[in-house]
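In what follows, a single structure is set out as structure tokens and then discussed.
All residue numbers refer to positions in the sequence shown, counting from 1. In what follows, every heavy atom counts, from backbone to side chain, and hydrogens, waters and symmetry copies are set aside.
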Amino acid sequence: MVAPTTMSGAAALQLRYALRGGAWAAIYLACVLAPLFALLIGPLPPARDFWTEFSVAVGYSGLAMMGLQFGLTARFRFVTAPWGEDVIYHLHRQISLLAVALVVAHPLILFAVRPELVALLNSFTAPWRARFAALSTYSLIALVAMALWRTQWNIRYETWHALHIALALIAVAAGLAHMVGWGFYLESPMKRTLWIGLTLFWIGLLVYVRVVKPLFLLRRPYRVSEIRRERGDSITLAMAPDGHAGFRFKPGQFGWLTLWGSPFQITGHPFSFSSSAVATDGRVEMTIRNLGDFTSRIASVPPGQLVFLDGPYGAFTTNSEPADMLVLIAGGVGVTPMMSIVRTFADNGDKRPVLLLYGSRTYEEITFREELETLTGRLDLKVVHGLQNPHEGWSGERGFIDAEILRRQVPPPYAAHEYFICGPNVMMDGIERALSALEVPMSRYHSERYSFA
């Protein structure tokens with residue numbers, strides 16, 4: 001008789017996340033497609049040519065996607081857990097591009113099949129419903145252009161974020177006004193009810209993000225208890241909960257930090273926790289490198305200042321039943337979530353082997369250099385540094401952490417290990433390609449991207 005097999009805890013968790021992720025993907029598609037199916041229900045207006053009807057379907061889909069974008073950035077943990085917050089934000093960006101393409105395609109198709117409608121582009125003579133359509137389209141184009149070229153245009157993150165939200169609200173509101181003003185498919189009470197319900201849902205998401213969640217954070221503030229200067233032009237902020245127990249996080253997760261104001265501020269900044277997850281007093285630490293923007297002000301934060309933390313978020317964490325070895329691959333400030341992992345291992349007395357491949361510009365800029373040396377005595381940790389600008393006599397690895405360094409330093413079998421990758425996009429893309437070439441399953445490696453914008 002063959003003994004029955006049981007599913008491991010890690011496999012069960014992955015299956016649960018896969019089922020949950022599939023369910024949320026289906027709900028999202030249903031919300032996008034519901035307006036299209038609603039067009040076919042109830043009494044129908046006089047039929048028109050195919051391309052006119054197709055352009056309307058495209059416009060309805062684009063508008064539904066635009067409204068649902070508020071939900072993708074609402075930070076619902078039970079929604080983001082299967083993928084991680086960074087994946088959701090990158091999905092938000094890709095869907096924005098698709099929504100803009102659909103919205104722009106709507107009038108272009110109409111202009112192609114009915115050239116006389118080009119006259120509607122004249123805002124002085126066009127009816128108000130056409131003006132709202134133009135306003136929605138122009139707002140969306142401006143929104144996407146600033147998102148794609150914010151860095152090249154040297155727009156501050158805070159300024160961009162405020163404009164991003166304003167343009168998104170204008171685009172959705174103007175799109176709804178255009179749809180109501182045209183009203184060709186809204187004669188049925190049921191169809192009007194559907195769009196009223198969708199609109200109220202979008203407004204509810206906005207109220208949750210901008211009112212309900214900040215009210216919750218306002219009641220759970222933190223105070224800066226310590227400020228430490230680190231190598232690599234970095235600052236560690238240690239923060240303790242003020243009047244509450246704080247929250248527990250998993251090593252590798254991150255939170256949204258709000259400084260110099262209330263949680264009702266439009267812009268928060270995401271940073272990984274660098275402290276051990278074992279702390280019982282609720283204290284958390286974030287290590288932030290001076291990159292010349294908001295981060296340049298971190299050094300001026302005085303001890304005792306009130307701050308607000310929204311977290312924890314992210315799926316960049318170890319499995320409940322991890323592989324035989326953890327391989328941590330970090331570049332620059334990407335070492336911060338790795339420090340949380342190794343500090344937690346040390347505090348828990350975990351003896352599983354950990355290999356840290358850590359790329360820095362120079363030996364003097366290696367953040368946490370001395371502590372990493374100490375941690376090698378507290379757990380089975382091997383640290384391999386790669387320097388872009390090595391000093392004379394350096395005998396270690398040189399340049400970015402790349403596929404060659406990976407093959408030299410990581411012992412086979414490669415697919416038996418669990419990998420964590422965080423750093424510059426060029427480094428991460430190269431490592432992911434190398435792992436794929438080494439036939440490491442995607443379930444065995446995790447990536448954390450810096451930018452959510």
Side-chain angles (χ1 to χ4, degrees), residues 73-77 80 85-86 89 156-162 164-166 206-230 232-314 333 336-337 339-340 343-344 367-368 450-453:
T73 56
R75 304 179 199 165
F76 293 112
R77 292 190 188 89
T80 61
E85 196 80 9
D86 61 326
Y89 269 76
R156 292 178 63 248
Y157 177 81
E158 292 81 4
T159 302
W160 166 81
H161 194 205
H164 188 82
I165 293 173
L206 191 61
V207 170
Y208 170 79
V209 173
R210 296 298 165 191
V211 179
V212 176
K213 178 166 280 192
L215 280 174
F216 175 79
L217 295 177
L218 192 64
R219 299 178 58 187
R220 299 173 65 85
Y222 283 72
R223 288 195 183 276
V224 176
S225 57
E226 183 186 359
I227 297 176
R228 295 196 307 273
R229 290 190 175 274
E230 310 282 2
D233 199 13
S234 299
I235 299 290
T236 292
L237 286 181
M239 295 159 285
D242 187 16
H244 59 96
F247 54 74
R248 301 298 298 270
F249 65 92
K250 296 179 181 178
Q253 289 189 303
F254 70 93
W256 295 80
L257 175 66
T258 300
L259 291 170
W260 303 296
S262 76
F264 292 96
Q265 284 185 191
I266 290 178
T267 303
H269 295 266
F271 297 108
S272 295
F273 301 119
S274 56
S275 53
S276 169
V278 178
T280 58
D281 58 358
R283 172 173 155 145
V284 296
E285 294 182 0
M286 290 175 167
T287 301
I288 303 167
R289 177 163 294 181
N290 180 3
L291 298 176
D293 49 9
F294 163 86
T295 56
S296 64
R297 303 168 60 194
I298 299 298
S300 64
V301 176
Q305 175 165 315
L306 203 66
V307 299
F308 299 94
L309 283 176
D310 182 16
Y313 293 102
V333 74
T336 53
M339 283 302 296
S340 181
R343 284 167 167 167
T344 302
T367 310
F368 307 119
Y450 284 161
S451 175
F452 284 7

Sequence-distant partners of [X], side-chain hydrogen bond (donor to acceptor under 3.5 Å, both in side chains), two or more places apart:
{"X": "Glu285", "answer": "Arg228, Arg283"}
{"X": "Arg223", "answer": "Asp242"}
{"X": "Ser274", "answer": "Thr287"}
{"X": "Ser275", "answer": "none"}

Only counting residues at least two apart or in another chain, list the ones meeting side-chain contact (heavy atoms from CB on, under 4.5 Å) with [X].
{"X": "Leu217", "answer": "Lys213, Pro263, Asp310"}
{"X": "Asp233", "answer": "Asn290"}
{"X": "Arg220", "answer": "Phe216, His244"}
{"X": "Pro251", "answer": "Ala277, Ser340, Ile341, Thr344"}

Spacing of [X] atom [atom1] and [Y] atom [atom2] [to the nearest 0.5 Å]:
{"X": "Leu306", "Y": "Leu259", "atom1": "CG", "atom2": "CG", "answer": "10.5 Å"}
{"X": "Phe254", "Y": "Leu309", "atom1": "CZ", "atom2": "CG", "answer": "12.0 Å"}
{"X": "Phe271", "Y": "Ile288", "atom1": "CZ", "atom2": "CD1", "answer": "4.0 Å"}

Grab the two heavy atoms, one from [X] and one from [Y], that are nearest each other, plus how far apart they are.
{"X": "Gly282", "Y": "Pro241", "answer": "O-CD, 3.4 Å"}
{"X": "Val278", "Y": "Arg248", "answer": "O-NH2, 4.2 Å"}
{"X": "Tyr208", "Y": "Pro214", "answer": "O-CD, 4.1 Å"}

### Message
Is there a side-chain contact between Val307 and Leu237 in this structure, where contact means two heavy atoms from C-beta onward sitting under 4.5 Å apart?
### Response
no
### Message
Would you say that Met286 contacts Thr236 through its side chain, given a criterion of any heavy-atom pair below 4.5 Å between the two side chains?
### Response
no
Applying ring pair (Phe, Tyr, Trp, His ring centres under 6.0 Å), name anything that partners [X], two or more places apart in sequence or on another chain.
{"X": "His269", "result": "Tyr157, Phe294"}
{"X": "Phe264", "result": "none"}
{"X": "Phe273", "result": "Phe247, Phe249"}

### Query
Backbone N or O of Val224 within a donor-acceptor pair of the Gln305 side chain at under 3.5 Å?
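Checked: no pair found.
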### Message
Main chain of Gly268, side chain of Thr258: is a donor-acceptor contact present, judged purely on distance under 3.5 Å?
### Response
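It does not hold such a pair.
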### Query
Can you find a side-chain donor-acceptor pair between Glu230 and Thr367 that sits under 3.5 Å?
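Absent: no donor and acceptor within the cut-off.
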Using a 3.5 Å cut-off and no angle test, enumerate the donor-acceptor pairs between side-chain atoms of residues 296-304 and protein atoms at least two apart in sequence or in another chain.
residue : atom : partner : partner atom : Å
Ser296  : OG   : Asp293  : O            : 2.7
Ser300  : OG   : Arg297  : O            : 2.6

